[in-house]
Amino acid sequence: MAFVRICSWNVNSVRARLPLVERLVAERAPDILCLQEIKVETDAFPRAAFRAMGYEHEAIFGQRGHHGVAILSRLALNKSESIDWCGLGDARHISAELPGGIRLHDFYVPAGGDVPDPDLNPRFAHKLAFLDEMIEWAKGLSEPTIALGDFNVAPLACDVWNHKALLSVVSHTPVETERLERLRAAHEWHDAVRAVFTAPQPIFTWWSYRARDWRASNRGRRLDHVWLSPDLAPALVGVEIVEEARGWERPSDHVPVLVDLDLGS
DNA sequence: ATGGTTGGGGGCCAA
């Protein structure tokens, strides 16, 4: 095993973003790609393109039009499975076991709509219920675990461009950030990105498509996360937020998050 | 306070 580079990336359609995934692979060579919002049915996933890039192992859970997650790997993947959060059948989670018995969980947490009130907005209620289910699930975990993906929550004040303004904006409201912290604490996960880019340094992984100039206004949020269970925390070697990918042609609104681990022999 | 853009799938919805 030794060194393993893992990438988490909400690609906002894997078919639309294939050239950018190929560029990332050429330039950064991750061993494992964890994608979210692939927006394609499992059977229509462009497997051949990933095999051509050297990813021979796959765990894919797609869905027509919406959501969808996939793990593509140069290392063997075993016992892949998905949990049906909130019983809706949504393709928002896939997990697989890596060599060495590490379980890797790839999440696409609901965005939650616009209105931050669960009584008025069913999407926000769904997001909170989804996080509540994750908290209960995490309490029962024991194995070495990596949880990553688009959590759609920016937990810290320095994870958004304007903390006070975003306290009432879905993704940074107290009910969400408190839940995310309870989830993290439930398995004592280590936030790999914040272990390297420590607070209060602002770090973002998402910039809206709607900005005239995303780089100039820099109104970003850190919605994408990579968490390591305590036994894996010492394996952390490095992190890169591939911010430049937001400026590539026809970009996703999220950028890749790379985490390097030294898993020893 | 509002609108701004993108992708999928078909003639708007979700993000």
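Residue numbering restarts at 1 for every chain, and letters A, B, ... go by the order of the sequence lines. Everything numeric in this text was worked out from a predicted model, so none of it was measured.
Between A:W207 atom CH2 and B:dG4 atom C1' there is a gap of 18 Å when expressed in whole angstrom units. Distance, A:D150 CG to B:dA15 C1': 10 Å, rounded to whole Å. Taking atom CH2 of A:W214 as the reference point, atom P of B:dG3 lies 26 Å away to the nearest angstrom. When rounded to the nearest whole Å, the span between CZ of A:F124 and P of B:dA14 equals 17 Å. Rounded to an integer number of Å, the gap from A:I38 CD1 to B:dA15 P is 16 Å. The separation between A:D253 atom CG and B:dG4 atom P is 18 Å, rounded to whole Å. Rounded to whole Å, atom P of B:dT2 lies 13 Å from atom CG of A:D114. At whole-Å resolution of the value, NE2 in A:H66 and P in B:dG7 are 15 Å apart.
Taking the ring centroids of A:Y108 and A:F151, they lie at or beyond the 6.0 Å cut-off.
Contacts of A:R219 with the nucleic acid, taken as non-hydrogen atoms under 4.0 Å apart, are absent. When heavy atoms are screened at a 4.0 angstrom cut-off, A:R15 is found touching the sugar-phosphate backbone but no base atom.
Out of B:dG4, B:dT6, B:dG9, the shortest distance to the side chain of A:R64 is found at B:dG9.
For A:R212 and B:dG3, the shortest distance from a side-chain N or O to OP1 or OP2 is not below 4.0 Å. Between A:R221 and the phosphate of B:dA15, there is no side-chain N or O to OP1/OP2 separation shorter than 4.0 Å.
For A:N12 and A:H67, each mapped to the nucleotide of DNA chain B holding its nearest heavy atom, the one lying further toward the 5' end belongs to A:N12. Nearer the 5' end of DNA chain B, as judged by each residue's closest nucleotide, is the contact made by A:A211, out of A:S13 and A:A211.
Taking 4.0 Å as the cut-off between side-chain N and carboxylate O, A:D260 and A:R5 count as a salt-bridged pair.
In this structure, the side chains of A:V170 and A:E176 come closer than 4.5 Å at one or more pairs of heavy atoms.
Going from the C1' atom of B:dG9 to that of B:dC13 covers 10 Å, rounded to whole Å. A gap of 22 Å separates the P atoms of B:dG3 and B:dG7, to the nearest Å. When the C1' atom is compared between B:dG10 and B:dA14, the two are found 15 Å apart, to the nearest whole Å. Spacing of C1' atoms, B:dA15 relative to B:dG4, comes out at 13 Å, to the nearest Å. Comparing the same atom, P, in B:dT6 and in B:dT2 gives a spacing of 23 Å after rounding to whole Å.
In this model, a side-chain donor or acceptor of A:R210 finds a partner on the base of B:dA15 within 3.5 Å.
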Please walk me through it: do A:R17 and A:S252 pass side-chain hydrogen bond (donor to acceptor under 3.5 Å, both in side chains)? CA-CA 7 Å; A:R17 232 58 73 191; A:S252 170; 5.0 Å; no

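A:L141 CG to A:H105 NE2: the interatomic distance, rounded to the nearest 0.5 Å, is 6.0 Å.
Using bins of under 30°, 30° to 60° and over 60° for the plane-to-plane angle, the ring pair A:H93/A:F107 lands in the tilted bin.
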